Number of protein chains: 2
Amino acid sequence: MDPVDEIQAQWRRHRPDLDVEAMGPIGRLGRIVHYLTREMDRNLAQFGLTAASFDVLAPLRRAGPPYSLSPGDLLATMMITSGTLTNRIDQLEKAGLVARAPNPDDRRSFLISLTEAGFATIDAAVTSHVETQKRLLSILPEEEQAALDPLLRSFLAGVAARASG
Amino acid sequence: MDPVDEIQAQWRRHRPDLDVEAMGPIGRLGRIVHYLTREMDRNLAQFGLTAASFDVLAPLRRAGPPYSLSPGDLLATMMITSGTLTNRIDQLEKAGLVARAPNPDDRRSFLISLTEAGFATIDAAVTSHVETQKRLLSILPEEEQAALDPLLRSFLAGVAARASG
DNA sequence: TCCACTTATCTTGACATCAAGATAAATCAG
DNA sequence: CTGATTTATCTTGATGTCAAGATAAGTGGA
């Protein structure tokens with residue numbers, strides 16, 4: 001009886017007409033992600049970053065030289081609204097981790113680039129970040145990790161297909 | 001190559017020293033939950049609820065008669081801070097879905113109860129909510145659902161043990 | 001060329017959340 | 001019984017997010 005089982009049991013007692021089967025896996029997914037997120041956030045905080053700022057710096061870093069992308073490029077990878085991204089870039093610009101420059105290809109747009117400080121920060125943070133992820137995933141025995149990933153792949157593919165197309 | 005694979009491939013090219021294996025399953029978990037959450041939120045919105053308000057009303061409903069709990073009882077089930085809960089209860093009270101009454105057992109505390117309107121709202125919402133969950137989970141073929149849940153159970157148990165004890 | 005339409009980004013206003021601290025009541029040791 | 005500590009909830013101030021709309025520049029057909 002994990003906490004999700006308890007919740008299902010309560011519903012079964014007080015709303016026996018409901019089919020609460022799906023609540024099990026979906027509830028567990030949510031809780032797992034909640035805990036993982038909290039740990040990853042704690043780790044990033046050591047570098048002065050939040051998940052939000054990490055998610056802007058990381059695409060710039062992994063894009064390779066010259067470490068610059070337009071807000072639109074960033075948005076495409078990020079499941080947030082444009083206003084949120086504007087705000088995140090503002091904060092990172094104030095912190096000196098990125099710089100805005102005019103986009104020579106499109107005067108409506110900008111190029112957001114890592115500064116030297118931004119490069120150093122994301123490089124150190126991502127090194128620690130992947131170690132944290134490895135540690136968190138290793139909570140699950142290796143055979144179970146191996147069994148889990150194909151299922152997540154399948155689920156994500158289905159869910160994304162339904163969301164976008 | 002799903003979007004998470006693309007991100008890993010970029011890191012491997014530009015930071016070949018990193019072990020980005022764990023990013024795969026952890027990234028997929030996050031994205032799956034993001035999509036599921038969005039769908040569930042949309043469904044709840046039809047009842048004038050958010051995930052936040054649902055998460056207060058639901059424990060009251062499944063507690064059974066007299067459908068009342070203290071803020072502390074609610075907090076224990078809810079992974080949020082006390083200030084957030086205060087605010088949620090304030091909103092629900094304004095909306096007429098719950099009522100605050102003094103707690104006869106402890107004068108520091110209150111009893112939060114479903115009003116008639118609150119009861120009707122959560123009863124309709126949860127009926128639709130479990131149907132939505134069932135529909136979302138059925139994106140995954142049944143054998144894969146059956147394989148997934150034990151893995152999530154194991155992962156949640158490990159992660160929760162690490163978080164709390 | 002010109003106008004309508006689309007695209008890229010930013011702005012505004014409302015709201016939910018958290019961390020930290022305040023308040024008040026309960027508990028417990030002596 | 002008293003003072004110190006703990007517990008339960010609320011308050012405050014800062015921040016991040018979104019939805020909707022504004023602004024400005026690019027695009028394409030007549």
Side-chain angles (χ1 to χ4, degrees), chain A residues 30 33-35 37-42 44-46 48-57 59-60 68-95 97-113 163, chain B residues 30 33-35 37-42 44-45 48-57 59-60 68-95 97-113:
Chain A
V33 167
H34 183 90
Y35 286 121
T37 300
R38 199 172 58 183
E39 287 304 307
M40 293 189 289
D41 286 354
R42 278 185 186 149
L44 293 178
Q46 298 176 332
L49 298 179
T50 61
S53 49
F54 182 88
D55 285 350
V56 175
L57 298 179
L60 293 172
S68 62
L69 295 169
S70 70
D73 294 335
L74 286 167
L75 256 190
T77 72
M78 284 173 75
M79 309 194 293
I80 59 173
T81 63
S82 64
T84 298
L85 180 57
T86 297
N87 183 48
R88 289 186 185 184
I89 293 169
D90 288 348
Q91 301 312 312
L92 287 167
E93 201 177 21
K94 268 185 216 157
L97 302 181
V98 306
R100 268 193 184 89
N103 186 336
D105 299 335
D106 186 337
R107 279 187 301 169
R108 291 170 302 180
S109 180
F110 297 90
L111 283 181
I112 313 301
S113 310
Chain B
V33 167
H34 183 91
Y35 286 120
T37 301
R38 198 172 57 183
E39 287 304 307
M40 292 188 290
D41 287 353
R42 278 187 187 147
L44 292 178
L49 298 178
T50 60
S53 50
F54 182 87
D55 285 350
V56 175
L57 298 179
L60 293 171
S68 62
L69 295 169
S70 70
D73 295 335
L74 286 167
L75 257 190
T77 73
M78 283 174 77
M79 310 197 290
I80 59 174
T81 63
S82 64
T84 299
L85 179 58
T86 297
N87 183 49
R88 289 186 184 184
I89 294 169
D90 287 348
Q91 300 313 311
L92 287 167
E93 200 176 22
K94 268 185 215 156
L97 301 181
V98 306
R100 267 192 183 90
N103 186 336
D105 298 335
D106 185 337
R107 279 188 299 167
R108 292 169 301 181
S109 180
F110 297 90
L111 284 181
I112 313 302
S113 310

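A note on names: the letters A, B, ... follow the listed sequences, proteins ahead of strands, and every chain is numbered from 1. If you're wondering where the values come from, they're calculated on a predicted model, not measured in any experiment.
In this view, A:F110 satisfies the ring-ring contact (aromatic ring centres under 6.0 Å, His included) rule with no residue, not counting sequence neighbours. With sequence neighbours excluded, no residue forms a side-chain hydrogen bond (donor to acceptor under 3.5 Å, both in side chains) with A:S82. In terms of the salt bridge (Lys or Arg N to Asp or Glu O under 4.0 Å) criterion, residue partners of B:D90 (sequence neighbours excluded) are, by chain and number, B:R100.
Between B:T84 and the options B:T81, B:T86, B:N87, a side chain to side chain donor-acceptor pair (under 3.5 Å) holds for only B:T81.
When DNA chain D is scanned in the 5' to 3' direction for atoms under 4.0 Å from non-hydrogen atoms of chain A, the outermost contacting nucleotides are D:dT17 to D:dG26.
As rounded to whole Å, 16 Å separates atom P of C:dT23 from atom CZ of B:F110. Distance A:L69 CG to C:dA8 P: 14 Å, rounded to the nearest Å.
Checking B:G72 against A:R108, the closest nucleotide of DNA chain D that is more toward the 5' end is the one next to B:G72. Position along DNA chain D of the nearest nucleotide to B:S70 versus A:M79 favours B:S70 as the more 5'-ward residue.
Less than 4.0 Å separates DNA chain D from at least one heavy atom of each of the following residues of residues 80-93 of chain B: B:S82, B:G83, B:T86. Non-hydrogen atoms lying under 4.0 Å from DNA chain D are contributed by nothing in residues 49-56 of chain B.
Considering all non-hydrogen atoms of both residues, B:P104 and B:P102 come closest at CD-O, 3.3 Å. When all heavy atoms of B:P59 and B:T77 are compared, the pair lying nearest together is CG-OG1, 4.1 Å. In this structure, B:L85 and B:P71 approach most closely via the heavy-atom pair CD2-O, 3.2 Å.
B:D106 comes within 4.0 angstrom of sugar-phosphate atoms only, judged by non-hydrogen atoms across all strands, and of no base.
A heavy-atom distance below 4.5 Å is found between the side chains of A:M78 and A:R88. Residues A:L44 and A:T50 form no side-chain contact, since every pair of their non-hydrogen atoms from C-beta on lies 4.5 Å or further apart. Residues B:L111 and B:N103 have side chains in contact (heavy-atom distance under 4.5 Å, counting atoms from C-beta outward).
Between the side chain of B:S53 and the backbone N or O of B:L49 there is no donor-acceptor pair closer than 3.5 Å.
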